[in-house]
Amino acid sequence: MDPLLYGHAPDERLVGAHLSGDSRVRVYRRSGGALHTEEVPFFPFFHLSDGRLLEGFQGRHWLKPLEGEGYYAWLAAFDSWQAMWDAFRLVSDRSPSPRGEPSPRPEPVHLFTDPVTQYLLQSGRTMMKGMTYADLSRLQVDIETYASPPHTFPNAERPADRVILIALSGDDGWEQVLDGRRMGEERMLRELVKIVAARDPDVIEGHNIAGYDLPYLQRRADLHDVPLAFGRDGSLLRWPAGRQGAEWWLDPSPPEIAGRHVVDTHTLLQSYDAGRHELESTGLKAAARHFGFAAPDRVTIDPRRIPWHWDNDPEPLVAYALDDVRETRQLADRLAGSALHMTQMVPFALGTVIRTGAAQKIEAMLVRAYLRRRVALPCPGEGMQTAGGYTDVFVTGVVGPVVHADVESLYPSIMITRGIAPASDTLGVFGELLRELTTLRLEAKRSIRAAGDPLAAGRLDAMQSSFKILINSFYGYLGYTRGLFNDFRRADEVTRIGQEILRSMIRHIRGAGGRVIEADTDGIFFVPPGEPEGEAVDRAAVGRLSGTMPEGITVAMSGRYARMFSYKRKNYALLRYDGGIVVKGSSLVSRSMERFGRTFVRGVIEALLRDDVAAAHDLYVAAHRAIAGRTLAVAEFARRETLREPIETYLRDVEAGTRNRSAAYEIARTAARHLRPGDTVAYYITGNEPNPRTFEQCRPVEEWNPNFPDANVPYYLRRLDEFAAKFADSFEPRAFRAVFSPDDLFPFDPSGIRLEVREVTPEPPESPAEESEWQEE
DNA sequence: AGCTGTGGCAGGGAGG
DNA sequence: CCTCCCTGCCAC
């Protein structure tokens with residue numbers, strides 16, 4: 001095993017760790033079925049730019065100068081966690097930031113704030129080596145809560161909104177329900193604490209457990225003065241400090257539980273679905289259906305009906321909660337494998353692996369290597385990355401057949417073949433890691449093909465995908481503002497070489513008579529020359545293209561399609577040979593589009609790809625009628641948006657004039673419960689003018705009353721026409737008006753209507769510096 | 001205390 | 001009208 005990747009400690013099955021006292025760590029190892037514990041010494045530490053900053057510090061500490069020219073040239077270690085923080089504060093006070101300014105860059109101290117991470121870095125250990133997810137002891141948790149008044153969102157602060165059921169299950173098939181009918185809430189909580197201690201799980205799992213179940217349980221436990229002692233050492237939940245900022249709120253952080261890992265399957269599901277968009281929702285039931293493990297007799301209950309059920313027919317609730325924990329277990333089985341394998345490489349606990357991004361993991365591995373060799377660390381460089389991928393569209397409309405050719409692992413290949421690595425990485429760890437991960441990934445992929453049983457193949461796939469995630473993030477790390485080893489010039493170099501490679505591919509495809517439709521970063525859609533040929537011929541052509549590439553750059557055929565609707569850069573649709581359709585791009589598929597619009601756009605695309613103009617017309621007429629006749633359900637024309645900032649921030653920015661009012665946040669302000677970033681609001685537009693100020697004329701879907709439909713018909717007809725306008729370039733103007741017209745006095749006659757295809761010339765770049773390059777093309 | 005990157009489109013509000 | 005700017009969402 002490569003110590004660079006898997007740490008320096010020998011193979012061991014470490015399943016948990018926590019701070020024990022001030023300067024020791026208790027670690028839990030699993031061998032066979034038994035759990036062993038040991039207490040080991042641990043010295044909390046941080047990196048320091050200048051040893052003098054610690055002069056006069058009273059606490060017991062060691063200061064060690066590091067080798068090399070790095071900015072963080074000192075390693076400070078302490079005899080207690082508390083002393084480390086005291087020292088941190090002292091140093092921060094000694095390098096004060098100007099009033100109102102953010103702290104000075106670079107920071108004088110570089111600190112890992114989690115003791116388990118620090119211990120793993122220091123010891124060279126990693127967790128769960130050689131283990132599969134099935135080797136862990138796990139507990140799944142799901143709570144049901146009572147809301148009063150009914151149909152409102154349960155609020156733990158309201159005394160009546162108590163926990164009524166707690167469903168639990170384990171990896172060994174054990175199941176139990178704590179039932180509020182048989183015991184009061186307080187006793188349920190005490191029982192829960194006992195069960196956690198008795199079953200002693202390594203992992204506590206739940207769907208949205210970080211955002212709902214655990215916070216709710218904590219509030220109720222506080223109310224009853226029940227200590228929620230879930231820790232392996234009997235300690236309480238440790239909640240993350242109040243967070244400020246934006247983006248990472250979208251996913252609430254779970255509390256820390258000493259010696260255990262909290263795995264929120266909702267977080268796992270979001271990372272699974274990110275960029276894939278296969279799920280209709282990230283709810284548990286949708287996921288179970290998606291992966292095909294939903295029980296056929298699955299009990300479903302509308303959450304708003306829970307209070308009614310509890311009062312009148314409680315038995316189905318028990319079955320419902322049990323189904324939830326069973327599905328949670330299967331979801332974790334399905335999704336946690338890759339994170340588990342990463343835990344074996346990265347000095348993070350499983351829960352931390354799931355919640356942190358790839359750049360953090362890469363950095364932790366770099367720091368581990370530098371720490372091991374007692375070499376100073378660099379600080380983040382000033383500046384910004386300026387260049388990105390090349391993207392362009394050359395032809396719009398319906399074309400085909402098309403071939404998609406793309407460069408395999410473009411940025412990693414460029415970095416490996418050109419030896420591009422951060423200038424500050426004097427030990428050369430970055431390149432070594434990248435090459436090693438790439439080799440291991442290829443090996444894992446080979447082994448998958450050779451693997452006999454699906455279990456082994458599944459494990460190898462988890463391994464392979466964890467390598468892939470890391471490999472693809474090395475480029476991003478170069479441009480990461482806060483990365484210790486960032487290097488913006490090298491990041492620009494990678495993208496610039498990538499652009500050159502893509503342009504060279506375009507030239508070669510054209511040179512061979514192909515018609516280039518669209519290009520984006522590392523891939524090109526093109527119509528092969530001559531009469532449509534078979535797959536082998538296309539593949540051979542891409543092979544020849546690959547032959548023109550520099551050493552280490554491979555182009556592969558990643559898809560063949562019967563037809564393509566090319567709309568704009570990064571926006572297109574494909575008709576597969578099996579008849580399936582793929583639609584890409586924010587202007588064609590977006591969660592924020594009204595559902596009727598999504599259906600309409602997709603339907604028209606499908607019609608055009610199948611050469612059925614009459615079907616496109618029918619879709620328009622049907623949608624027009626439904627809107628004008630007010631027969632659309634509210635879900636069809638409601639717009640759904642995700643809040644990305646706290647409402648308070650929005651209001652402050654509006655007040656300050658730095659942002660405009662928007663319907664979504666105006667709705668959120670008046671919502672019954674306090675909405676947070678990550679929550680979605682659904683609203684529709686009222687009134688009677690086609691161009692209303694939407695932030696004034698919006699209403700939440702909850703207030704929709706089908707008996708008094710007040711949707712803004714002119715507005716939604718205008719929206720329909722905006723959706724139709726996406727197809728304007730595919731027709732002659734007269735034909736376009738005929739197809740997308742509600743006028744049905746005469747039967748629509750599609751004969752004579754031809755689909756238009758347009759050549760789009762890329763706009764010349766604006767900066768004169770690039771002009772010569774443009775003229776070359 | 002936690003935060004990989006750039007490029008691109010649509011929709012909306014504000015102000016000329 | 002139009003342009004500018006911001007936000008949300010998406011492709012890679």
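These values consider heavy atoms only, across backbone and side chains, with no hydrogens, waters or symmetry-generated copies.
By the 4.5 Å heavy-atom criterion applied to side chains, A:Val25 and A:Gln122 are not counted as neighbours. In this structure, the side chains of A:Arg569 and A:Asp520 stay at 4.5 Å or more apart for every pair of heavy atoms. The closest side-chain heavy-atom distance from A:Leu111 to A:Gln118 is below 4.5 Å.
Donor-acceptor pairing under 3.5 Å, judged by distance alone, is present between the side chain of A:Ser586 and the base of B:dG8.
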Write down the protein N/O and nucleotide N/O pairs, taken from nucleotides 5-7 of chain C, whose separation is under 3.5 Å; answer none if there are no such pairs.
none

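Residue A:Phe695 is in sugar-phosphate contact alone, with no base atom involved, counting any heavy-atom pair closer than 4.0 Å across all strands shown. Among the heavy atoms of the strands, none lies under 4.0 Å from A:Ser473. Within the nucleic acid shown, A:Ala387 comes within 4.0 Å of sugar-phosphate atoms alone, with no base atom in reach, counting heavy atoms only. Nucleic acid contact class of A:Gly476 (heavy atoms, under 4.0 Å, all strands): base. Residue A:Phe525 is out of contact with every strand shown, counting any heavy-atom pair closer than 4.0 Å. If you check every strand for non-hydrogen atoms under 4.0 Å, A:Thr481 touches sugar and phosphate atoms only. Residue A:Arg482 is classed as a base contact, given a heavy-atom separation below 4.0 Å to a base. Heavy atoms of A:Tyr567 sit under 4.0 angstrom from primed sugar atoms or phosphate atoms, though from no base atom.
Using a cut-off of 4.0 Å between Lys/Arg side-chain N and Asp/Glu carboxylate O, A:Arg693 and A:Glu696 are scored as salt-bridged. Salt-bridge check for A:Arg669 with A:Glu666: passed, with a basic side-chain N closer than 4.0 Å to an acidic carboxylate O.
Look at CD1 on A:Ile469: it is 18 Å from P on C:dC12, rounded to the nearest Å. If you take CD1 of A:Ile354 and P of B:dG2, they are 21 Å apart, rounded to a whole angstrom. In this structure, CD of A:Glu696 is placed 8 Å from P of B:dA14, rounded to the nearest angstrom. Atom CZ of A:Phe723 and atom C1' of B:dC9 are 13 Å apart (whole Å). Distance, A:His110 NE2 to B:dA1 P: 14 Å, rounded to whole Å. One can place NE2 of A:His404 at 10 Å from C1' of C:dA11, the figure rounded to the nearest angstrom. For A:Tyr475 and B:dT6, the OH to P distance is 7 Å, given to the nearest whole Å. We find that CD of A:Glu408 is positioned 16 Å from P of C:dC12, with the value rounded to whole Å.
Partners of A:Arg89 according to the salt bridge (Lys or Arg N to Asp or Glu O under 4.0 Å) rule, which considers only residues two or more places apart in sequence or in another chain, are A:Asp86.
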**OP:** Could you go through the side chain to side chain donor-acceptor pair (under 3.5 Å) check for A:Asp729 and A:Thr396 one step at a time?
**Re:** CA-CA 8 Å; A:Asp729 276 358; A:Thr396 65; 4.8 Å; no
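For C:dC9, one of the phosphate oxygens OP1 or OP2 lies less than 4.0 angstrom from a side-chain nitrogen or oxygen of A:Thr642. Put simply, A:Arg661 has no side-chain N or O that comes within less than 4.0 Å of OP1 or OP2 on B:dG11. The phosphate of B:dT6 has neither OP1 nor OP2 within less than 4.0 Å of any side-chain N or O from A:Lys570. For A:Gln360 and B:dC3, the shortest distance from a side-chain N or O to OP1 or OP2 is below 4.0 Å. Remark: A:Lys568 is in phosphate contact with B:dA10, judged by side-chain N or O atoms under 4.0 Å from OP1 or OP2. Put simply, A:Arg569 has no side-chain N or O that comes within less than 4.0 Å of OP1 or OP2 on C:dC10. For the pair A:Tyr572 and C:dC12, the criterion of a side-chain N or O lying under 4.0 Å from OP1 or OP2 is met. Checking the phosphate oxygens (OP1, OP2) of B:dG12, a side-chain nitrogen or oxygen of A:Tyr715 falls inside 4.0 Å.
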Considering only distance and modelled atom types, tabulate donor-acceptor pairs under 3.5 Å from the side chains of residues 588-597 of chain A, sequence neighbours left out.
from: A:Ser590; atom 1: OG; to: A:Ser592; atom 2: N; distance (Å): 3.2
from: A:Ser590; atom 1: OG; to: A:Ser592; atom 2: OG; distance (Å): 3.0
from: A:Arg591; atom 1: NH1; to: A:His277; atom 2: ND1; distance (Å): 3.2
from: A:Glu594; atom 1: OE1; to: A:Arg719; atom 2: NE; distance (Å): 3.4
from: A:Glu594; atom 1: OE1; to: A:Arg719; atom 2: NH2; distance (Å): 2.8
from: A:Glu594; atom 1: OE2; to: A:Arg639; atom 2: NH2; distance (Å): 3.0
from: A:Glu594; atom 1: OE2; to: A:Arg719; atom 2: NE; distance (Å): 2.8

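Between A:Asn712 and A:Glu689, the shortest heavy-atom distance links the atoms ND2-O, 2.8 Å.
Distances were taken from every side-chain heavy atom of A:Thr391 (C-beta onward) to each of C:dC12, B:dG7, C:dC9; the shortest belongs to B:dG7.
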